Amino acid sequence: MQLNSMDMTRISILGAVCIALNIGLNKVAAVLQLPVFMDTIGTILAAALIPPLFAILVGVVSNLLGGIITHPAIPFFAGTQIVIALMAIYAYRRGWFERLASAVLVGFAIGVVSAIVSAPIAVLMFGGITEPGATAINAILMAAGQNIWTAVLSGTIIVSTIDKIIAAVIVWLLLQRLPNRLKLARGSS
Amino acid sequence: MSGIQTRHVTLLVAGTATFAALCAIATLRSVSLFALYILLLAATLVLQTRNVGILWTMAKWLLPFVVPLLLIHGLLNTAHDVDYWFMNVLPIRPMGFVYGALVSLNILLLATVAGYWLNTNRDDMIDDLIRLNLPMWSILFISQGVAVGAIVERRVATVYLAQRARGICVGPGVLARIRAFPSVLIPAVIATLIEAESRVPALVSRGFGSANVVPLPRKARSALAQLPWVIGPLFWLVLTGTLQALL
């Protein structure tokens, strides 16, 4: 698809807002003391607003910038953002964000897959320490005799699933309320 | 402050420090030399920026990882053997503490590298990216992503206060805060997206995207003055690597 300067500017601006949502809402969740990350709403929303390649870049750039703004550990999870973006793009194209029930299922699937992708990084690079809620579950499981891999995977799946279901429901709510002109046509590439 | 101005790190220096740090993680096997490398890298950063405060920022990044790491692996993780019991209550697992300390060193190195990036002047960084001939949309992604992030935070805070004033229950309790999250978030996000979209015609009408962007002229910066800070991280890597090979 040939993009003119108006399209490119629109994509750049909306992509930048999605990056800002990833970074900003992560900090807001921390301020509100919510036991979730909230750092993927922008990536999932980008799947519905801008072309796929740019939606993937939103995830990657968010994590690179998050490394400077929020915490230096964040860039290591850029791969997780790519997986989340790919799953969100597929789900949006299939129309799974049009109903609440399917959006919840998408959130659940994204949560499980992103936990599986993140767990090795959390174990090998950070000794199993991640977001406080997941870390607490990991600690309990390790104290109960589970090995670090099982503990981290279990803890991350629990927290990540809740986090991504909330993110998917919020994106569903946003897509219900956003003007149609902002949304990407589902068949576009 | 003592009147000494903080100096900024250039994109080249931050990039070199990142590259050298990744090489250090991959090559330095000796724990003491790895720790020495981190110390030298951090000292170089403080010397260059003349900003001791960056050490405090690094500590704030580090502590939420290090404290749980030491407590979980040194006390709770049953994969490590208990050597003795403190006051017959706490199991002490020395190998767990050692593991926690080793992982903490990795995180300290990451925090040091992030310190370099944090001290990079954002305007200079965007200028450097333009000079690298990156596509304009990618530069806009980065610059606007940072700028709008602060706007989103402020807007969410405003909506949060407004919803509280309207009587929407935003706490106490985690469940109440989670339930209130959409009512705070949705108006803020929609307003931000619509406002952002309205900027597109304004940018295009000013020629954005139809011509090459020229970086702003900036104060002449001696390339020679930057050289030690570019070479520093690489030199420390070679030095510690050589020591590792010799010892």
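Keep in mind that what you see is a predicted model, and the values were worked out from it rather than measured. Here is how names work: the chains are called A, B, and so on, in the same order as the sequence lines, proteins then strands, and each is numbered from 1.
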Participant: Between A/N22 and A/T40, is any side-chain donor less than 3.5 angstrom from a side-chain acceptor?
Facilitator: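 Distance-only check fails for A/N22 and A/T40.
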Participant: Let me know if B/Y99 has heavy atoms under 4.5 Å from chain A in its side chain, its backbone, both or neither.
Facilitator: side chain
Participant: Report which part of A/I13 has an atom under 4.5 Å of a heavy atom belonging to chain B: side chain, backbone, both, or neither.
Facilitator: both
Participant: Heavy-atom distance under 4.5 Å to chain A: side chain of B/I142, backbone, both or neither?
Facilitator: both
Participant: Should A/V83 and A/V117 count as side-chain neighbours, where that means a heavy-atom distance under 4.5 Å?
Facilitator: yes
Participant: Of all of A/V61, A/I23, A/L178, which one pairs up most often with chain B through heavy atoms under 4.5 Å apart?
Facilitator: A/L178
Participant: Heavy atoms, side chains only, cut-off 4.5 Å: are A/L49 and A/C18 in contact?
Facilitator: yes
Participant: Using only non-hydrogen atoms and a strict under-4.5 angstrom cutoff, which residues of residues 57-68 of chain B touch chain A?
Facilitator: B/W61, B/P64, B/F65, B/P68
Participant: Among the options B/Y116, B/W117, B/F141, pick out the one with the most heavy-atom pairs lying under 4.5 Å from chain A.
Facilitator: B/F141
Participant: As an exercise: rank A/G24, A/G128, A/A73, A/A143 by heavy-atom pairs under 4.5 Å with chain B and give me the winner.
Facilitator: A/A143
Participant: Contact between B/W85 and B/L90 at the side-chain level, heavy atoms closer than 4.5 Å - yes or no?
Facilitator: no
Participant: What part of B/A196 is in contact with chain A, defined as an atom under 4.5 angstrom from a non-hydrogen atom: side chain, backbone, both or neither?
Facilitator: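 Contact with chain A is through both the backbone and side chain of B/A196.
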Participant: Taking the side chain as C-beta and beyond, is there a heavy-atom pair between A/K164 and A/I84 under 4.5 Å?
Facilitator: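 Result yes, sub-4.5 Å side-chain heavy-atom pair found.
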Participant: Could you tell me whether a side-chain N or O of A/N63 sits under 3.5 Å from a main-chain N or O of A/F77, the two making a donor and an acceptor?
Facilitator: yes
Participant: Go through the atoms of A/V58 and report whether side chain, backbone, both or neither lie under 4.5 Å from a heavy atom of chain B.
Facilitator: both
Participant: Is there a donor-acceptor pair closer than 3.5 Å between any side-chain N or O of A/T150 and the backbone N or O of A/Q146?
Facilitator: no
Participant: Is the backbone of A/F108 close enough, under 3.5 Å, to the side chain of A/T161 for a donor and an acceptor to pair up by distance?
Facilitator: no
Participant: Quick one: what part of A/M38 sits under 4.5 Å from any heavy atom of chain B, side chain, backbone, both or neither?
Facilitator: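 Looking at A/M38, just its side chain touches chain B.
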Participant: Report yes if some heavy atom in the side chain of A/W149 is under 4.5 Å from a heavy atom in the side chain of A/L124; otherwise report no.
Facilitator: yes
Participant: Of all of B/A188, B/A111, B/G145, which one pairs up most often with chain A through heavy atoms under 4.5 Å apart?
Facilitator: B/G145
Participant: Shorter than 4.5 Å, heavy atoms on both sides: which option in B/T192, B/V113, B/L185 has the most such pairs with chain A?
Facilitator: B/L185
Participant: Between B/L193 and chain A, which part of the residue has a heavy atom less than 4.5 Å away: side chain, backbone, both or neither?
Facilitator: both
Participant: Give a yes or no answer on whether the side chain of B/H73 reaches the backbone of B/H80 with a donor-acceptor pair at less than 3.5 Å.
Facilitator: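 Flag not set: sc B/H73 to bb B/H80 has no pair under 3.5 Å.
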Participant: Chain A heavy atoms under 4.5 Å from B/L69: which part of the residue, side chain, backbone, both or neither?
Facilitator: both
Participant: Report which part of A/I148 has an atom under 4.5 Å of a heavy atom belonging to chain B: side chain, backbone, both, or neither.
Facilitator: side chain
Participant: Less than 4.5 Å to any heavy atom of chain B: does that hold for the side chain of A/I140, its backbone, both, or neither?
Facilitator: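 Neither part.
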Participant: So what's closer than 4.5 Å to chain A heavy atoms on B/I25: side chain, backbone, both or neither?
Facilitator: side chain
Participant: If I measure from the heavy atoms of chain A, does B/V152 come under 4.5 Å with its side chain, its backbone, both, or neither?
Facilitator: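 Answer is side chain: those atoms of B/V152 sit under 4.5 Å from chain A.
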Participant: Go through the side-chain N and O atoms of A/S114 and A/S160 and say whether any donor and acceptor fall under 3.5 Å apart.
Facilitator: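 The answer is yes; a qualifying pair exists.
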Participant: Under a 3.5 Å cutoff, is there a donor and acceptor pairing between the side chains of A/T135 and A/N138?
Facilitator: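 No, because no side-chain N or O of A/T135 sits under 3.5 Å from a partner of the opposite role on A/N138.
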Participant: Between A/Q81 (side chain only) and A/D39 (backbone N and O only), is there a donor and an acceptor less than 3.5 Å apart?
Facilitator: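 Yes.
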Participant: Spell out, as yes or no, whether a donor-acceptor pair under 3.5 Å connects the side chain of B/Y37 to the backbone of B/L28.
Facilitator: no
Participant: Less than 4.5 Å apart, any side-chain heavy atom of A/P52 and any of A/R93?
Facilitator: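 In short, these two side chains touch, coming nearer than 4.5 Å.
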Participant: Contact part of A/P75 toward chain B, heavy-atom cut-off under 4.5 Å: side chain, backbone, both or neither?
Facilitator: neither
